[in-house]
Structure formats: structure tokens, C-alpha cells
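Chain letters run A, B, ... following the sequence lines, proteins first, then strands; residues in each count from 1. None of these values were measured; they are calculated from a predicted model.
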Amino acid sequence: MIKREYNNRIIWGVIVETEAYAELEPACHGFKSRTAKNETLFGEPGRLYVYLTYGIHHCVNIVTEKKGWASGVLLRAIAMPNEHHRVAAGPGLLAKRFGLNRNHDNSLISVENGIWLRKSSADTKMSPIIQTTRIGISQAKNLPWRWYMKNSRSVSKRALGDRSPKPSEAWSPSSKEGP
DNA sequence: CTTTCGATTGCCT
DNA sequence: GGCAATCGAAAGG
């Protein structure tokens with residue numbers, strides 16, 4: 001589960017949908033270049049990479065892998081048992097509900113910073129976990145790097161309609177190499 | 001410099 | 001199903 005303290009309150013939920021992004025594939029923000037904007041993605045694991053998308057919504061990632069290698073896990077949906085099942089059922093919605101924005105970019109995940117992770121029996125309650133392709137991207141659509149809890153009602157709306165990638169959208173690793 | 005478009009959401013037909 | 005909202009990178013001239 002993920003926990004968050006802000007406005008003098010602690011809220012929590014189970015992460016029920018994620019996607020992985022890494023430097024070796026073109027959908028990743030760190031694929032083309034390393035800039036001030038995406039620097040966090042190249043930084044040390046355990047920090048948040050938060051960016052604005054569509055000029056309106058924020059997307060929250062947890063940086064993974066080793067320092068110097070752009071990689072992260074996008075949090076796409078959180079189930080909050082004590083609230084309406086859709087309040088955090090999407091990347092933008094969960095960022096909003098958990099009060100996270102660009103100011104939290106590069107923040108270390110810790111109790112001191114008001115955002116942290118814990119294991120819980122609630123985490124496995126909605127299994128099995130389905131692995132499939134990512135959503136809302138235009139490149140490397142064939143990579144099966146999305147995971148979600150099959151039995152959760154809080155999985156993002158668009159995640160429900162799966163489709164297999166067309167051959168023209170297929171992508172396979174070429175020059176870039178992993179860590 | 002100008003134009004395009006995105007790791008989305010919500011409202012409309 | 002379609003599309004506006006709304007901003008800033010990235011791409012194009």
C-alpha cells in the first residue's frame with residue numbers, strides 16, 4: 001500500500017495498476033535526451049518523478065533501477081477502500097487525490113516527506129495480477145509493461161479495453177542496452 | 001520564431 | 001464514439 005500525509009491527515013490505498021518505463025525504449029521520457037526536466041528519472045531509485053501532462057494533469061512515477069539509467073514505474077491507479085472506487089482510478093486522478101505535483105519531483109519516498117510504502121494484506125486481496133501492454137502512448141506499444149489487479153474496480157477506465165498491437169506499432173530493442 | 005502534441009480526464013452526441 | 005481543456009517540451013521552418 002501507499003501512504004501519504006498532508007493537510008494533517010494520513011490517507012492510504014493499494015496500488016492496483018502500474019506501468020514500467022525505461023531508457024532503452026522510445027516511450028520513456030529519458031529515451032532521447034537527458035535534461036533538467038527528466039533528470040530525476042536518471043537519478044537514484046526511491047524518489048518520485050512527477051511531471052505535468054496535457055497541461056492539466058500530473059503523473060507520478062517511482063524511480064527504479066540504478067542511478068544514471070532512466071527508469072521508473074508510473075502509478076496508474078490506487079484503490080482507496082474507504083472512499084469512492086474511482087477517486088484515484090487513473091494517473092491524473094491519483095496525483096490529485098494524493099496532493100502530488102511538480103513540487104514533489106525528485107522527493108525521496110520516506111515517512112519524513114509524507115509519502116511512503118508499506119506491505120499489507122490488502123495488497124494481494126485483488127489478485128491475480130494481469131500483465132499486458134501500456135496505454136496512452138504512441139511508441140513501443142507492444143511492450144507488455146502494464147500490470148493491474150484483475151479484481152479491482154479502481155483500475156483506470158482505459159485499462160479495461162485491451163487490444164493487441166498492430167504490426168506497424170511493434171517495437172523491439174536495437175542499439176540501446178540495459179544497465 | 002511557430003506549430004504540434006502528449007505516460008489524461010470529463011463532458012457531449 | 002468524439003473532442004475540449006490547457007501548458008510546456010519538442011519539433012519544424
Side-chain angles (χ1 to χ4, degrees), chain A residues 2 4 11 13-43 45-65 69-80 83-107 109 115 117 129-149 152-166 168-173 176 178-179:
Chain A
I2 185 168
R4 167 87 168 127
I11 59 176
V14 175
I15 299 168
V16 294
E17 183 185 347
T18 62
E19 285 179 359
Y21 289 84
E23 189 174 330
L24 80 173
E25 48 89 11
C28 179
H29 287 177
F31 178 72
K32 286 181 181 171
S33 59
R34 182 170 178 168
T35 64
K37 188 68 186 285
N38 62 16
E39 177 60 27
T40 302
L41 209 47
F42 289 84
R47 287 180 182 268
L48 298 178
Y49 168 58
V50 186
Y51 67 93
L52 181 67
T53 189
Y54 291 96
I56 305 174
H57 307 289
H58 290 277
C59 288
V60 180
N61 293 249
I62 294 175
V63 177
T64 57
E65 304 295 337
W69 175 254
S71 54
V73 170
L74 169 70
L75 304 184
R76 287 197 55 93
I78 296 173
M80 304 181 76
E83 299 187 36
H84 189 274
H85 70 284
R86 301 227 74 90
V87 292
L93 291 174
L94 76 85
K96 181 184 174 189
R97 184 62 189 84
F98 279 71
L100 297 169
N101 55 57
R102 273 295 284 172
N103 295 329
H104 300 89
D105 182 55
N106 204 36
S107 288
I109 295 174
I115 181 155
L117 302 169
I129 295 171
I130 303 295
Q131 179 177 4
T132 181
T133 51
R134 297 175 296 183
I135 296 172
I137 53 174
S138 57
Q139 300 183 79
K141 289 184 175 182
N142 59 321
L143 279 182
W145 284 5
R146 176 161 63 95
W147 293 263
Y148 66 90
M149 298 278 197
S152 174
R153 300 166 67 209
S154 301
V155 169
S156 71
K157 220 172 185 176
R158 298 185 56 194
L160 303 175
D162 285 340
R163 59 187 251 310
S164 46
K166 300 171 186 171
S168 61
E169 297 167 339
W171 175 90
S172 58
K176 291 239 179 186

(message) Would you say CG of A/Leu117 has more than 12 non-hydrogen atoms from neighbouring residues, nucleotides or ligands within 6.0 angstrom?
(response) yes
(request) Mind checking the CG-CD spacing from A/Leu75 to A/Glu19? Nearest 0.5 Å is all I need. (result) 11.0 Å
(request) Could you check which of B/dT9, C/dT6, C/dA10 has an atom nearest any side-chain atom of A/Ile56? (result) C/dT6
(request) Side chain of A/Leu93 only, please: which of B/dG6, B/dT8, B/dG10 is the nearest? (result) B/dG10
(message) Using atom P in both nucleotides, what's the gap between B/dT4 and C/dA4 to the nearest angstrom?
(response) 14 Å
(message) Other residues, nucleotides and ligands only: do more than 12 of their heavy atoms fall within 6.0 Å of CZ on A/Arg153?
(response) no
(request) By nearest nucleotide on DNA chain B, pick out whichever of A/Ala89 and A/Leu52 is the more 5' one. (result) A/Leu52
(message) How many whole angstroms separate atom CZ of A/Arg102 from atom P of C/dG8?
(response) 11 Å
(message) Expressed as a whole number of angstroms, how long is the span from A/His58:NE2 to B/dT9:P?
(response) 13 Å
(request) Round to the nearest Å and state the distance from A/Glu23 atom CD to B/dA7 atom P. (result) 17 Å
(request) Identify which nucleotide among C/dA9, B/dG6, B/dT8 has an atom closest to any side-chain atom of A/His57, counting heavy atoms from C-beta outward. (result) B/dT8
(message) Applying the Watson-Crick and G-U wobble criteria at under 3.5 Å, what pairs with B/dT8? Answer none if nothing qualifies.
(response) C/dA5
(message) I'd like to check A/Thr18 versus A/Ile62 (side-chain heavy atoms, cut-off strictly below 4.5 Å). Are they in contact?
(response) no
(message) I need the CZ-P distance between A/Phe31 and B/dG6, as an integer number of Å.
(response) 16 Å
(request) Using Watson-Crick or G-U wobble geometry with both distances below 3.5 Å, tell me the partner of B/dT3, or none. (result) C/dA10
(message) Expressed as a whole number of angstroms, how long is the span from A/Asn101:CG to B/dT8:P?
(response) 18 Å
(request) Please state how far atom CG in A/Asp105 lies from atom P in C/dG8, giving the value in whole angstrom units. (result) 15 Å
(request) Between C/dC7, C/dA9, B/dA7, spot the one nearest the side chain of A/Lys37, thanks. (result) C/dA9
(request) Output yes when at least one side-chain N/O atom of A/Lys96 is less than 4.0 Å from OP1 or OP2 of B/dT9, else no. (result) no
(message) Between C/dC3 and B/dC5, how far apart are the two P atoms, rounded to whole Å?
(response) 15 Å
(request) For A/Lys32 and B/dC5, give me the distance from atom NZ to atom P, rounded to whole Å. (result) 12 Å
(message) Suppose you measure atom P in C/dA5 against the same atom in B/dT13; what distance do you get, rounded to whole Å?
(response) 15 Å
(message) What I'd like to find out is whether the side chain of A/Leu41 reaches to under 4.5 Å of the side chain of A/Cys28, using heavy atoms alone.
(response) yes
(message) In whole Å, I'd like the distance from the CD1 atom of A/Ile62 to the C1' atom of B/dA7.
(response) 15 Å
(request) For the side chain of A/Arg76, starting at C-beta, report the closest nucleotide among B/dT8, B/dT9, B/dG6. (result) B/dT8
(message) For a quick test of reading the model, state the closest non-hydrogen atom pair linking A/Asn103 to A/Ser107 and the distance between them.
(response) O-OG, 4.4 Å
(request) Using only heavy-atom distances, decide whether a donor-acceptor pair under 3.5 angstrom links the side-chain of A/Tyr54 to the base of C/dA5. (result) no
